[in-house]
Amino acid sequence: ENKGARPTDFTMRRGPDPLDRQSTMTSIEVPYDDYTETQYDVRPEAETASDTSQDSDAMRIAERLRAGRQEGADTHLNYIAQDPGLALYRHEELQVVLDAANRAELVQDRRIANQRVMEKLANLGVSVFLISYECEDVWKEVKHCIFEASNMQLYNCSPDRCLLYEDSRGRLFNLLVGGDFQGLQGSYEAMLDRASGLEAICALVVLIRAFACVELREGIRPAYIALILGLVLIEEISNSWVNVSMLVWGMPSISAFVLSQPISVDWPKQALLLILSISAVLEAGSRGQSIATIVGIGWACCVLCANVGARAWRHLKWKSMPYRGNGRIVVSFLAAIATGLVIPYVGFRQAQSGGQVAVETVLIGSLIVAAVFIVSDFDAVQEFIILGSENCNQDPVNFGVGIWWGLTVIISMYFCKRIPVSANYKMKEDSKRESDLDKSTTSIIPFIPEPEPLVVPEQASPVGYRVKQIPDFKLDPNGSAKPHLPSAFLAFEVVLGVTMAIGIGALMVYSAFTDKDDNITSGT
């Protein structure tokens, strides 16, 4: 867990597994500084058995823990994993130290209490990032936290983490990002749910037919293709850069993406539509229009494959890309394209259920893709979909797509067994299996409620999670921009701005009373 570079400008605490508890837990009152804290005491077995106030569930948990310790450390952890009753006390433990921090009056006492809060979170299995108000550049430290949080998956660390902020009065908050990223968050979640992998692959095999028309000078209409992609397949070509950053590279949250990337707009989709639009206004039948159209269609295929590949990456629960150097998102984008080309059917929405459902999804989806590709070979269909491709030799395309289709079906079915089976599917199988057992042989299993998590997912947090019991503090990155030059240059910038306004404005006005600008712009 301690591999990799650790930033030194902020505090990070990482503790053991929250279930690694080697004591019998009984609630007692222990004086702690200037307040009384409810703590859990480690007591011998004889004392625990003689304590009449000990809860029966706690005694049962203690017996299981002692049995696990006698058999070995691994068995001890297995006993804990099988009995989640231990985790039910985590909120109470954390609330005790939080109440102590809130009751502290002096700033120094609050900071000491905050250290105890972070130690408690670390002992409960939560990785804590702390940024203080004393940091000279808060956003620089936030970016360090984002990079560190994205590396946690590579080292098999627990996903539970939080980013806390300590203000000048010693108060502790969840650090969240405000601003306009909520619009991108809503768009990302909506497009991720609405995008159809089947439509994307069907569009891919149809668009590939245009590559047989590289030498064709007339007939192809790029504006027609841009209209279909921009209106019919808008979900399938949108947010490819965000999908790759979140699902392949391991960006913790949408707010982390906005802070880390200099350009947060959906530039792959905009570049795709721009290339096809420029192709439409070029001279009809020229070689430049043909090349620009083929480039635009090729980029459209890359965007479709990247979106499908990113979803396949998520369904397979693969770790994030290990490369962390310059151009890491570009490398992740290329990896997503390769994944979409090799196992496109794993990126279908229904394939995330795993098991037999995933295999059936591959079979049905591949048959539909094959049918669409065969139908698109008819001239009447090609005239409607890609105008002009009916005049091209489609034999090389048929040969290449046929080999690709067969290989992708086999490889996708192989990877279906690597998809974790969803919880709903497991529940149905378990209930069916239990119904077949004889009731006389089944044992009664006591009900233990699932413990509520200490941290919950939060897209506004740069590390992706927030602590439920700690209040929030939002920072707007748009209102914290710093000047590029020192404050001593302020007067110079004002003089420069006034000079530019007068000079350039006068030049624009002068162009209205002279013909020199017309001669320059017309090229005469």
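Hydrogens, waters and symmetry mates are skipped; everything else that's a heavy atom, side chains included, is used. Note that the structure is a prediction, hence the values are computed from the model and not measured.
The two residues Ser240 and Asp266 have their closest heavy-atom pair at N-OD1, 4.0 Å. The minimum heavy-atom distance between Ser168 and Val107, with the atom names listed, is O-CG1, 3.8 Å. The shortest non-hydrogen separation linking Pro344 to Val308 is O-CG1, 3.1 Å. The heavy-atom pair separating Ala256 from Pro462 by the smallest distance is CB-O, 3.3 Å. What you find for Gln459 and Ile254 is that their closest heavy atoms are OE1-N, 2.8 Å. Annotation for Ser461 and Ser255: closest pair O-OG, 3.1 Å, computed over non-hydrogen atoms.
With contacts defined as side-chain heavy-atom distances shorter than 4.5 Å, the pair Val177/Val258 does not qualify. For the pair Asp160 and Pro453, the minimum side-chain heavy-atom distance is 4.5 Å or more. At a threshold of 4.5 Å between non-hydrogen side-chain atoms, the residues Tyr345 and Val369 count as touching. Taking 4.5 Å as the limit, every side-chain heavy atom of Glu166 sits out of range of all side-chain heavy atoms of Arg110. The side-chain heavy atoms of Met251 and Ile146, taken from C-beta on, include a pair separated by under 4.5 Å. Here the side chains of Val138 and Tyr133 are not in contact, with every heavy-atom distance at 4.5 Å or above. At least one side-chain heavy atom of Leu94 sits less than 4.5 Å from a side-chain heavy atom of Val97. Contact of the Phe348 side chain with the Ile201 side chain is registered, since non-hydrogen atoms from C-beta on lie closer than 4.5 Å.
Interatomic distance, Leu407 CG to Leu341 CG, rounded to the nearest 0.5 Å: 12.0 Å. Ile237 CD1 to Cys301 SG: the interatomic distance, rounded to the nearest 0.5 Å, is 12.0 Å. Here the CE-CG distance, from Met118 to Leu164, works out to 7.5 Å after rounding to the nearest 0.5 Å. The distance from the CD atom of Glu199 to the CG atom of Leu304 is 10.5 Å, given to the nearest 0.5 Å. For the atom pair Asn114 CG and Asp109 CG, the distance stands at 11.0 Å (nearest 0.5 Å). To the nearest 0.5 Å, atoms CE (Met246) and OG (Ser320) are separated by 12.0 Å.
Here the side chain of Ser260 pairs no donor or acceptor atom with the backbone of Phe257 at under 3.5 angstrom. Between the side chain of Gln352 and the backbone N or O of Arg349, at least one donor-acceptor pair lies under 3.5 Å. Between the side chain of Arg116 and the backbone N or O of Ala100 there is no donor-acceptor pair closer than 3.5 Å.
Residues passing the salt bridge (Lys or Arg N to Asp or Glu O under 4.0 Å) test with Lys317: none are found, sequence neighbours excluded. Take Phe147 and apply the ring pair (Phe, Tyr, Trp, His ring centres under 6.0 Å) test, not counting sequence neighbours, and it matches no residue. With sequence neighbours left out, Tyr414 forms a ring pair (Phe, Tyr, Trp, His ring centres under 6.0 Å) with no residue at all. Remark: Lys468 pairs with Glu452, Val456 by the side chain to side chain contact (heavy atoms under 4.5 Å, CB included) rule, at least two apart or across chains. Among residues two or more places apart in sequence or in another chain, the ring pair (Phe, Tyr, Trp, His ring centres under 6.0 Å) test is passed with Trp313 by Trp318. Not counting sequence neighbours, the partners of Asp167 by the salt bridge (Lys or Arg N to Asp or Glu O under 4.0 Å) test are Arg171. Evaluation of the ring pair (Phe, Tyr, Trp, His ring centres under 6.0 Å) rule for Phe333 yields Trp241, Trp299 as partners, not counting sequence neighbours. A search for salt bridge (Lys or Arg N to Asp or Glu O under 4.0 Å) contacts involving Arg466 returns Asp472, not counting sequence neighbours. In this structure Asp137 satisfies the side-chain hydrogen bond (donor to acceptor under 3.5 Å, both in side chains) test with no other residue, sequence neighbours excluded. Annotation: side chain to side chain contact (heavy atoms under 4.5 Å, CB included) contacts of Val331 (sequence neighbours excluded): Met321, Tyr323. Among residues two or more places apart in sequence or in another chain, the side chain to side chain contact (heavy atoms under 4.5 Å, CB included) test is passed with Ile234 by Ser238, Lys269.
For residues 234-248, the salt bridge (Lys or Arg N to Asp or Glu O under 4.0 Å) pairs, not counting sequence neighbours, are Arg194-Glu235.
In summary, the side chains of Asp99 and Gln95 do present a donor paired with an acceptor at a separation below 3.5 Å, with no hydrogens or angles considered.
Using a 30° and 60° split on the angle between ring planes, Phe473 and Tyr165 fall in the parallel class, below 30°.
The local environment of CD in Gln270 is crowded, with over 12 non-hydrogen atoms from other residues, nucleotides or ligands closer than 6.0 Å.
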Go through the steps for Thr339 and Leu316 under the test side-chain contact (heavy atoms from CB on, under 4.5 Å), then give the verdict. CA-CA 11 Å; Thr339 305; Leu316 290 168; 5.8 Å; no
